[in-house]
Amino acid sequence: MTARPISETVASLMPRAKTELAELVAFRSVADPAQFPVSECEAAARWVADALRTEGFEDVALLDTPDGTQSVYGFLPGPAGAPTVLLYAHYDVQPPLDESAWLSPPFELTERDGRWYGRGAADCKGGFVMHLLALRALKADGGVPVSVKVVVEGSEEQGTGGLERYAEAHPELLAADAVVIGDTGNFRVGLPTVTATLRGMTMLRVRLDTLEGNLHSGQFGGAAPDALAAMIQLLASLRAEDGTTTVDGLTTDAPWEGLQYPEEEFRRDARVLDGVELIGTGTVADRIWARPAVTVIGIDCPPVVGATPSLQATARAQISLRVPPGQDAAEATKLLTAHLESHAPWGARVTVEPVGQGQPFRADVTSPAYTSMAEAMRAAYPGQEMQTSGMGGSIPLCNTLAALYPEAEILLIGLSEPEAQIHAVNESVSPQELERLSVAEALFLRNYAESRKA
């Protein structure tokens, strides 16, 4: 069976897919009410639910999850005796950061140089559109050969665990024989890739207090302890001189065995400025897929414009720690907390607040579903064999699903290849990748159904 009929159908559906992705990108669905109205996420959830109903899904529901957000669920019954496949994506997005740095409005899908730009275009509103394309192509070519469950999360980017807790309380809801997580990406455009490992994550906020109130830096500076200076010194303790993460008690020397990431390619993908060194030791793959990495993602301090000559009484920072497979995120959280509490200088008062946490994940790439996916990707990407890589990011739901359904086969694919620049300004998706991966997913569902008959 060739990919041609499916590929032709998907190609004919791409204009509709672009229109739908533009509608979905237009929702400013950042799951943080301190930044964007909750109504934006609620509207995006309703849009996803309506799309599922249009495709004939049953039991479509907005799931009110414990973190105060909504995930969307739907079920499409397949032939009698067919296996069930769960398709995952998320509609919430990262904030746009500096909107003035975008070359086009972040919440307006814009075509430029053969790519579609907009926040969430690749991560992961495009992933939901990919699922729709695959299912539509199958329906147009004889029908969907499996039962399909779709769940579209509303707070994945925040890491607040709403869907994980909901799934644990309703374990029958997402039960499936195979799971396709549409939230990773190819190693490079045109190179079909499944993701074998994900780093977990813990996120903390740390606050330092040193004074009862701000002071004049001329009158008191040099003796009074400045909370911002204390914070700078504390955060510096989290990295060695070469940039290696140095959290007391945390192992940082694990190797990566598998597909390697040439340093020059990484420098280009990461847009590292000429003359600036990479940080850490070991191969690039070691550093981004097999080892922990700490990042200071925010600091509360006075802006340069309008700054006054004052000593700061209080400083806050938010810290993300990526946790590789083989390490426990809960233990890493304890180690990071203890490190922050013990390394604060000058007796500064330390308050550490947990924000979110997710365990790392390792897939079983020897499972039969991977054979079906390899065949599908070979057909969707003529002349290319499926590759297996790691991913430095986190998808906390993966471990929850693996624990709830230990027999389920979990595959990770998606649209977040390096050129997509997810989480950065000018995020984009390759429409060619959207088309080819939709073909691959459709063929996978067909192959998987056939393999379960054998």
Side-chain angles (χ1 to χ4, degrees), residues 24 27 29-33 36 38 40-49 51-52 57 59-76 84-94 120 123-128 130-131 148-176 178-184 195 198-203 320 323 329-330 354-361 363 391 393-406 408 410-414 416 422-423:
L24 197 48
F27 297 110
S29 50
V30 177
D32 181 358
F36 290 91
V38 173
E40 291 288 320
C41 285
E42 292 174 341
R46 290 193 299 270
W47 190 98
V48 170
L52 292 179
F57 276 74
D59 304 323
V60 175
L62 300 178
L63 311 177
D64 293 318
T65 57
D67 62 354
T69 64
Q70 292 180 322
S71 293
V72 186
Y73 169 83
F75 175 67
L76 184 68
T84 298
V85 178
L86 174 67
L87 305 179
Y88 167 90
H90 62 85
Y91 69 80
D92 71 304
V93 297
Q94 286 285 334
D123 183 25
C124 178
K125 292 176 177 180
F128 177 61
M130 176 184 73
H131 295 327
V148 177
K149 294 180 178 180
V150 168
V151 66
V152 185
E153 188 172 3
S155 57
E156 191 275 343
E157 298 291 7
Q158 296 300 312
T160 46
L163 183 56
E164 294 99 275
R165 304 293 82 76
Y166 192 95
E168 290 166 350
H170 305 83
E172 74 291 341
L173 186 70
L174 303 183
V179 180
V180 179
I181 304 289
D183 192 25
T184 60
T195 301
L198 298 168
R199 287 192 295 194
M201 180 189 68
T202 184
M203 196 176 297
S320 165
V323 183
V355 177
Q357 179 180 289
Q359 291 290 353
F361 175 77
M391 183 175 173
S394 307
I395 306 175
L397 183 66
C398 285
N399 279 88
T400 300
L401 296 178
L404 289 174
Y405 320 117
I410 300 177
L411 302 95
L412 297 100
I413 63 171
S416 299
I422 64 170
H423 293 204

Any non-hydrogen side-chain atom of Phe57 less than 4.5 Å from a side-chain atom of Val148?
yes
For Asp123 and Asp183, indicate whether the former's side chain and the latter's backbone hold a donor-acceptor pair under 3.5 Å.
no
Could you tell me the separation between the OG1 atom of Thr202 and the CD atom of Gln357, rounded to the nearest 0.5 Å?
5.0 Å
Among Thr69, Thr65, Asp67, find the one that has a side-chain hydrogen bond (donor to acceptor under 3.5 Å, both in side chains) with Thr160.
Asp67
Determine whether Leu173 and Leu63 make a side-chain contact, defined as any pair of heavy atoms from C-beta on separated by less than 4.5 Å.
yes
Met203 backbone acceptor or donor facing Ser320 side chain under 3.5 Å
no
Do the side chains of Val150 and Val60 get nearer than 4.5 Å, heavy atoms only?
no
Between His131 (side chain only) and Tyr88 (backbone N and O only), is there a donor and an acceptor less than 3.5 Å apart?
yes
Flag, side chain of Ser29 to backbone of Cys41, donor-acceptor distance under 3.5 Å:
no
Do Leu52 and Phe128 make a side-chain contact, defined as non-hydrogen atoms from C-beta onward lying under 4.5 Å apart?
yes
Check: Asp92 side chain, Glu157 main-chain N or O, donor-acceptor pair, under 3.5 Å
yes
Interatomic spacing from CD in Glu164 to SG in Cys398 - rounded to 0.5 Å:
9.5 Å
For Tyr166 and His170, take the angle between the two ring planes, folded into 0 to 90°, and tell me which bin it lands in: parallel under 30, tilted 30 to 60, perpendicular over 60.
parallel
Please round to the nearest 0.5 Å and tell me the distance separating atom NZ of Lys125 and atom NE2 of His90.
10.5 Å
Are the side chains of Gln70 and Asp64 in touch, meaning some heavy atoms are under 4.5 Å apart?
yes
Could you pull out the closest heavy-atom pair between Leu404 and Pro171, with the gap in Å?
CD2-CB, 4.2 Å
Side chain Thr184, main chain Ile413, donor-acceptor under 3.5 Å:
yes
Close side-chain approach of Leu397 and Glu156, heavy atoms under 4.5 Å
no
Answer yes or no: is there a side-chain heavy-atom contact under 4.5 Å between Leu401 and Leu86?
yes
When you measure from the side chain of Lys149 to the backbone N and O of Tyr73, does any donor-acceptor pair fall under 3.5 Å?
no
Heavy atoms, side chains only, cut-off 4.5 Å: are Val323 and Gln359 in contact?
no
Could you tell me which non-hydrogen atom of Gly154 sits nearest to which non-hydrogen atom of Ser71, and how far apart they are?
N-OG, 3.5 Å
Leu163 side, atom CG; Glu168 side, atom CD - distance, nearest 0.5 Å:
10.0 Å
Shortest non-hydrogen separation from Pro66 to Gly162 and the atoms involved
CD-O, 3.2 Å
For residues Ala363 and Leu412, report the shortest heavy-atom separation together with the two atoms involved.
CB-CD1, 4.4 Å
What closest approach, in Å, do Thr84 and Ala176 show between heavy atoms, and which atom pair accounts for it?
O-CB, 3.6 Å
To check you understand the geometry: which heavy-atom pair defines the closest contact between Gly358 and Ala329, and what is its length?
O-CB, 3.4 Å
For the CD1 atom of Ile395 and the CE atom of Met201, what is their distance to the nearest 0.5 Å?
11.5 Å
Value rounded to 0.5 Å, distance of CZ in Phe361 from CD1 in Ile410
4.0 Å
